[in-house]
Protein chains: 2
Amino acid sequence: MNEGFLANCLFFTANRLSRSVTKIAEEQFAATGLSPMYGYLILLVNGTPGITQKELAEALYVTPSTLTRFIDKLEAKRLVERKVHGKTVQVYSTDKGMELEDTIRQASKNLQSRYREILGEESKQSLNGEIKSASEKLEKK
Amino acid sequence: MNEGFLANCLFFTANRLSRSVTKIAEEQFAATGLSPMYGYLILLVNGTPGITQKELAEALYVTPSTLTRFIDKLEAKRLVERKVHGKTVQVYSTDKGMELEDTIRQASKNLQSRYREILGEESKQSLNGEIKSASEKLEKK
DNA sequence: ATTTATATATTGTATGTACAAACAAAATAA
DNA sequence: TTATTTTGTTTGTACATACAATATATAAAT
C-alpha cells in the first residue's frame with residue numbers, strides 16, 4: 001500500500017483538479033463580489049432574458065434544486081428576478097444585475113487568460129477537450 | 001451570449017467531470033457501505049498503521065480540517081482509532097476496519113474497470129495524466 | 001529558562017451541491 | 001371531462017469541503 005497510489009485514481013485526480021480550478025476562478029472573480037458560478041449565472045440571465053430555470057440548470061451543469069437555491073440568493077440581492085409563468089419560472093435581469101455585466105465579463109476574460117498563462121494554450125485546449133468527452137461518456141453511464 | 005459557451009470554460013468542465021466521476025465511484029463503492037473517500041482512507045490506514053492525519057490529508061488531497069471531520073466519523077463507527085502523540089495524531093485501524101479491507105479493495109478494482117470500460121484504457125490514462133499535470137501547475141499558482 | 005516561532009489538529013461557521021419527497025401545472029389518455 | 005402521467009420547481013435534509021480562528025505542543029532563539 002504505497003502512498004501516492006491515489007494519484008492515479010480518477011476519483012481523486014478529478015476532484016483535485018476541480019478544487020484547484022475553482023480556487024483560481026474564485027480569485028479572478030473576487031473583483032465582482034460574486035463566486036464564478038453566480039457570475040456566469042448572471043451573464044446567462046442578462047444575455048437571455050426570460051431564460052427558464054431548467055435551461056439555466058442545464059447550461060450550468062447543476063441540478064434544478066441547486067439552481068433554485070442559486071436564484072433564491074441572487075433574487076435576495078436583487079441581481080435577478082423571477083416571473084412565474086405556469087409551471088415554469090422565467091428569470092430576468094435587474095438594473096443592478098445589468099450594472100455588473102462588464103465587471104463580470106472582464107473577470108471571465110481574466111480567468112481565461114490566467115488558465116492559459118498557467119497551462120499554456122495548447123494543453124488548456126486539450127485538457128478541456130478530453131474532459132468534455134470524458135464527462136459525456138461518464139454521464140451516459 | 002450563446003448558451004453552451006460554458007462548455008469550454010475549465011471551471012465548468014472540471015466541476016462537471018468531478019461530479020460524474022464521483023457518481024460512478026459512489027455506485028461502485030455502494031457495496032462497501034462507505035463513500036469512496038472513506039473507503040480509500042481506510043485502505044490507507046490499514047496499509048500504513050500509525051499514519052498521521054497530516055499525511056492522510058496530503059494523500060487524499062483534502063485540508064487538515066476536512067480530514068479531522070472524516071476521522072471523527074470513522075472513529076465514531078469504530079473503523080479507525082486515534083492515538084495522540086504529542087502534537088500529532090496517529091491513526092490506526094481496528095478489527096472492524098480490517099474486516100472491510102477486502103471488500104474495499106474489490107470495490108476499488110471494480111471502479112477502475114468501470115472507468116476503463118467507459119473511457120477506454122487509452123484515454124483513461126491520458127486523461128489522468130493531463131489532469132495530474134494541470135493540477136500541479138494550478139496548485140503552484 | 002523564558003520567550004518566540006512553527007507545526008498540527010480542532011472548532012465555528014459558511015458554501016455548494018445533491019437526492020428524495022412534495023407540490024403544482026400541463027399534457028395526454030380514458 | 002375526468003383521471004393519469006409527465007414536467008418544472010421547491011423544500012427538507014444531508015454531506016463534503018473550505019477558511020479563519022483557536023488551542024496545544026514542540027522546536028528555536030535569546
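As the structure is a computational prediction, the values presented were derived from the model and not from experiment. Numbers restart at 1 for each chain; the letters A, B, ... are given by sequence-line order, proteins then strands.
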Sugar-phosphate only, base, or nothing, as touched by B:V62 at under 4.0 Å among non-hydrogen atoms: sugar-phosphate
Among C:dA26, D:dC19, C:dT10, the one nearest B:R82 by side-chain distance: C:dT10
Distance-only side-chain donor-acceptor flag, A:Q28 / A:N110, under 3.5 Å: no
Candidate nucleotides D:dA18, D:dT10, C:dA18, ranked by approach to the side chain of A:V89 - the nearest: D:dT10
Sugar-phosphate, base or nothing in reach of B:T88, heavy atoms under 4.0 Å: sugar-phosphate
A:N15 CG to C:dT17 C1', straight-line distance once rounded to whole Å: 13 Å
Among C:dT11, C:dG16, D:dG8, the one nearest A:S35 by side-chain distance: C:dG16
Under 4.0 angstrom between B:Q53 side-chain N/O and C:dT10 OP1 or OP2: yes
Side-chain donor/acceptor contact of B:S65 with base of D:dC19 under 3.5 Å: yes
A:K73 NZ - C:dA14 C1' separation (whole Å): 8 Å
Atom-to-atom span, CG of A:L56 to P of D:dG8 - whole angstrom: 13 Å
Donor-acceptor pair between A:Q106 and A:D102 side chains, under 3.5 angstrom: no
Donor/acceptor link under 3.5 angstrom from A:R69 side chain onto base of D:dG12: yes
Per A:P64 side chain, nearest of listed nucleotides D:dT9, C:dT17, D:dT11: D:dT9
Pair A:S65, A:T68: side-chain N/O donor-acceptor within cut-off below 3.5 Å: no
A:D72 CG - D:dT9 C1' separation (whole Å): 11 Å
B:K23 side-chain N/O to C:dC19 phosphate OP1/OP2 under 4.0 Å: yes
